[in-house]
Amino acid sequence: MPPEWLSQFPDLQEIEPNHLEMLQGGAQVVSVPSGGMVFTVGAPCQNYLMVIDGSVRVQKTSESGREIVLYRVEPGQTCVLTTVCLLTNRDYDAEAIAESDVQAVAVSSSTFHDLMGLSGQFRQFVMSAYSIRMSELMALIDEVAFQRFDVRLSQHLLDRGEQGTPIATTHQQIASELGSAREVVSRQLKDFERRGLVKLGRGEIDLIDRMGLREVAGL
């Protein structure tokens, strides 16, 4: 009988019975508490990670301490950095943190490589997830490199909150999300406040004029 967690991954529903048996035999369900480290920079990659429940934030930190969130792994998704590390036999060069209590399927490295060679269904599942995530990362690079910061910040605020409902966040958290410096975020937020678009509080931001923010974002 297929394991319950398989229902979270529709693209694996048609995997061959003998290969499903291999997958089950080489996988275990693991739990990571909120705030726990899923992997760290320099750690060896020993398992292919498939998230069942919760959210994992994958981020990169520069030598100066500046952070950028690369992506999140949500239920039904896999970690593209783990895929790269397994395929190239390299250690992790970023870190992953559980943003909530997380349950995931950890497929051993040996089982992952066996199935990549034997199962077309499993290989398609892995490479499809890899392709989608790489497209998202390319879009992130394009935003960071070429899009005006006020446009990116206004879009981020609009995505996060509703008018009249404060967004619980800090300037540093926004900087990490957008791949910028806290000082840049603070300066732009203060400009938005001066223009009557937002109201800044301790650990929260009120969206005062969503229409004005949409104009800044070009929406």
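Keep in mind that this is a model prediction, so the values were computed, not measured.
- A distance of 10.0 Å separates CD of Gln103 from CD of Gln8, quoted to the nearest 0.5 Å.
- No donor-acceptor pair closer than 3.5 Å links the side chain of Gln28 to the backbone N or O of Ala106.
- In this structure the side chain of Thr82 reaches within 4.5 angstrom of the side chain of Phe39, judged on heavy atoms.
- Annotation for Pro75 and Ile52: closest pair CB-O, 3.3 Å, computed over non-hydrogen atoms.
- Using modelled atom types, one finds no donor on one side chain facing an acceptor on the other under 3.5 Å when comparing Ser128 with Gln124.
- Side-chain atoms of Ser100 come within 3.5 Å of backbone N or O of Ser55 as a donor-acceptor pair.
- In this structure, the side chain of Gln13 engages the main chain of Leu6 through a donor-acceptor pair within 3.5 Å.
- Between atom CG of residue Leu197 and atom CZ of residue Arg214 there is a gap of 13.5 Å, rounded to the nearest 0.5 Å.
- Arg72 and Glu136 are not joined by a salt bridge, as no carboxylate oxygen comes within less than 4.0 angstrom of a charged side-chain nitrogen.
- Clustering ILVMFWY residues whenever any of their side-chain heavy atoms sit less than 4.5 angstrom apart, transitively, puts Leu87 in the very cluster that holds Leu81.
- Here Gln121 contributes atom CD and Asp11 contributes atom CG; the two are 7.5 Å apart, rounded to the nearest 0.5 Å.
- With hydrogens and angles ignored, the 3.5 Å screen pairs no side-chain donor or acceptor of Ser131 with any backbone N or O of Met127.
- Side-chain atoms of His113 come within 3.5 Å of backbone atoms of Leu86 as a donor-acceptor pair (strictly under, hydrogens ignored).
- Residues Val73 and Thr78 fail the side-chain proximity criterion, which asks for heavy atoms closer than 4.5 Å.
- Side-chain atoms of Gln155 do not come within 3.5 Å of backbone N or O of Arg152 as any donor-acceptor pair.
- Relative ring orientation between Phe125 and Phe122 is described as tilted, the plane-to-plane angle lying within the 30° to 60° band.
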Inset, instruction - Output, in order, the C-alpha distance, side-chain angles, deciding distance and verdict of side-chain contact (heavy atoms from CB on, under 4.5 Å) for Arg182 and Ile174. - result: CA-CA 8 Å; Arg182 181 183 59 79; Ile174 294 175; over 6 Å; no
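- With Arg57 as the partner, the salt bridge (charged side-chain N to carboxylate O under 4.0 Å, His left out) test is satisfied by one option alone out of Glu99, Glu95, Glu177, Glu67: Glu99.
- Using a 4.5 Å cut-off on side-chain heavy atoms (C-beta onward), Leu20 and Pro3 make contact.
- Judged by distance alone, with hydrogens and angles left aside, the side-chain atoms of Lys190 form no donor-acceptor pair with the main-chain N or O of Val185 at under 3.5 Å.
- For Asp191 and Arg187, the salt-bridge test fails: no basic side-chain N is under 4.0 Å from an acidic carboxylate O.
- Interatomic distance, CZ of Arg148 versus OG of Ser154, reported as 8.5 Å (0.5 Å rounding).
- Residues Gln77 and Arg133 are in side-chain contact: their nearest non-hydrogen atoms beyond the backbone lie under 4.5 Å apart.
- Heavy-atom minimum distance, Arg123 versus Leu118: NH1-N, 4.4 Å.
- Summarising the geometry of Thr40 relative to Tyr92, their closest heavy-atom pair is O-CB, 3.5 Å, with the distance given to 0.1 Å.
- Note that CZ of Phe9 is 12.0 Å distant from CD1 of Ile15, once rounded to the nearest 0.5 Å.
- Residues Leu49 and Val105 fail the side-chain proximity criterion, which asks for heavy atoms closer than 4.5 Å.
- Contact detail for Val107 and Ala27: the closest heavy-atom pair is CG2-CB, 4.0 Å.
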Legend entry - Stepwise side-chain contact (heavy atoms from CB on, under 4.5 Å) test for Ile97 and Gln59: CA-CA 8 Å; Ile97 302 169; Gln59 63 185 34; 3.7 Å; yes
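- Listed for the Ser7 side chain is a donor-acceptor partner under 3.5 Å among the backbone atoms of Glu4.
- The nearest pair of heavy atoms linking Gly54 to Val51 is O-CG1, 3.8 Å.
- The shortest side-chain heavy-atom distance between Phe112 and Val126 falls under the 4.5 Å cut-off.
- For Ser119 (side chain) and Leu115 (main-chain N/O), no donor-acceptor pair under 3.5 Å exists by modelled atom type.
- Atom CG of Asn47 and atom SG of Cys85 lie 12.5 Å apart (nearest 0.5 Å).
- Under the 4.5 Å side-chain criterion, counting only non-hydrogen atoms from C-beta, Val41 is not in contact with Lys60.
- Between the side chain of Asp206 and the main chain of Ile208, no donor-acceptor pair closer than 3.5 Å is present.
- Counting heavy atoms from C-beta on, the side chains of Leu200 and Val198 come closer than 4.5 Å.
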Inset, instruction - Check the pair Tyr48, Thr111 against side-chain contact (heavy atoms from CB on, under 4.5 Å), reporting the backbone distance first and the verdict last. - result: CA-CA 9 Å; Tyr48 181 63; Thr111 300; over 6 Å; no
